[in-house]
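The block underneath contains the structure these notes are about, expressed in structure tokens.
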Amino acid sequence: MATSRLHNYLRTHRKHSGLSQSDVSFLTRLKNKAELSRYERNVRIPSLRTALACQELYGVAVSDLFAGLSDSVASDTRGRMKRLQARLQAKIDPKSTGNRIMRKFQWISHRLLAMPTFKLVQQL
């Protein structure tokens with residue numbers, strides 16, 4: 001059984017670095033350590049700028065720093081891509097060669113197939 005990842009690993013990386021919340025707040029241009037605390041406790045989601053600053057600071061990809069959030073967003077986006085794929089498939093005109101809908105459908109289909117966790121057949 002797969003284990004779920006933490007929503008974020010900000011505190012883990014900060015503790016491992018030996019930096020205080022005040023240090024990290026200064027380095028990432030946050031107003032104060034309370035703001036960082038809210039991010040570490042998953043009370044708030046940081047701005048893209050702050051997430052990128054943390055990536056630079058710790059040398060860890062944003063998707064790994066915010067692993068649980070990344071997993072959740074990926075799952076939601078993949079589900080929405082599948083729904084759009086189904087909607088587009090219903091609109092495809094097989095007689096048309098320059099069909100914009102067909103191009104969208106093909107792009108989404110290729111994108112879904114390229115994803116490592118994509119399943120062609122849903123297992124019961």
Evaluation steps, side chain to side chain contact (heavy atoms under 4.5 Å, CB included), between Thr28 and Cys54: CA-CA 7 Å; Thr28 57; Cys54 290; 4.1 Å; yes
Working for side chain to side chain contact (heavy atoms under 4.5 Å, CB included), residues Met81 and Thr77: CA-CA 6 Å; Met81 288 173 74; Thr77 303; 4.2 Å; yes
Test log, rule side chain to side chain contact (heavy atoms under 4.5 Å, CB included), inputs Phe66 and Val73: CA-CA 10 Å; Phe66 299 92; Val73 168; over 6 Å; no
Side chain to side chain contact (heavy atoms under 4.5 Å, CB included) evaluation trace for Tyr58 with Leu65: CA-CA 9 Å; Tyr58 298 124; Leu65 281 173; 4.0 Å; yes
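Annotation for Arg78 and Leu112: closest pair O-CD2, 4.2 Å, computed over non-hydrogen atoms. Heavy-atom minimum distance, Ala51 versus Pro46: N-CB, 4.5 Å.
Tracing side-chain contacts under 4.5 Å through hydrophobic residues (I, L, V, M, F, W, Y), one reaches Leu30 starting from Leu10; they form part of the same cluster. Val62 and Leu48 end up in the same hydrophobic cluster when Ile, Leu, Val, Met, Phe, Trp and Tyr side chains are linked at under 4.5 Å. Leu69 and Leu6 are members of different hydrophobic clusters when ILVMFWY side chains are connected at heavy-atom separations under 4.5 Å.
Using modelled atom types, one finds a donor on one side chain and an acceptor on the other under 3.5 Å when comparing Thr50 with Ser47. The closest side-chain donor-acceptor pair between Gln85 and Ser109 falls under 3.5 angstrom.
If you take CZ on Arg80 and CD1 on Ile108, they are separated by 11.5 Å, rounding to the nearest 0.5 Å. How far CG of Leu36 is from OG of Ser25: 4.5 Å, rounded to the nearest 0.5 Å. To the nearest 0.5 Å, the span separating CG on Asn8 from CD1 on Ile45 amounts to 9.5 Å. The CD atom of Gln55 lies 9.5 Å from the CG atom of Asp64; values are rounded to the nearest 0.5 Å. Annotation: the span from Phe105 atom CZ to Leu84 atom CG amounts to 10.0 Å, rounded to 0.5 Å. Distance CG/Asn32 to CZ/Arg38: 6.5 Å, rounded to 0.5 Å.
With sequence neighbours excluded, the residues satisfying side chain to side chain contact (heavy atoms under 4.5 Å, CB included) with Leu19 are Arg14, Ser17, Asp23, Val24, Leu27, Leu57. For Gln106, the side chain to side chain contact (heavy atoms under 4.5 Å, CB included) partners two or more places apart in sequence, or in a different chain, are Met102, His110.
Within 6.0 Å of atom CZ in Arg41, more than 12 heavy atoms from other residues, nucleotides or ligands are found, so the atom counts as buried in its surroundings.
Applying the salt bridge (charged side-chain N to carboxylate O under 4.0 Å, His left out) test to every pair with at least one member in residues 65-74, sequence neighbours left out, gives these pairs: Arg5-Asp71.
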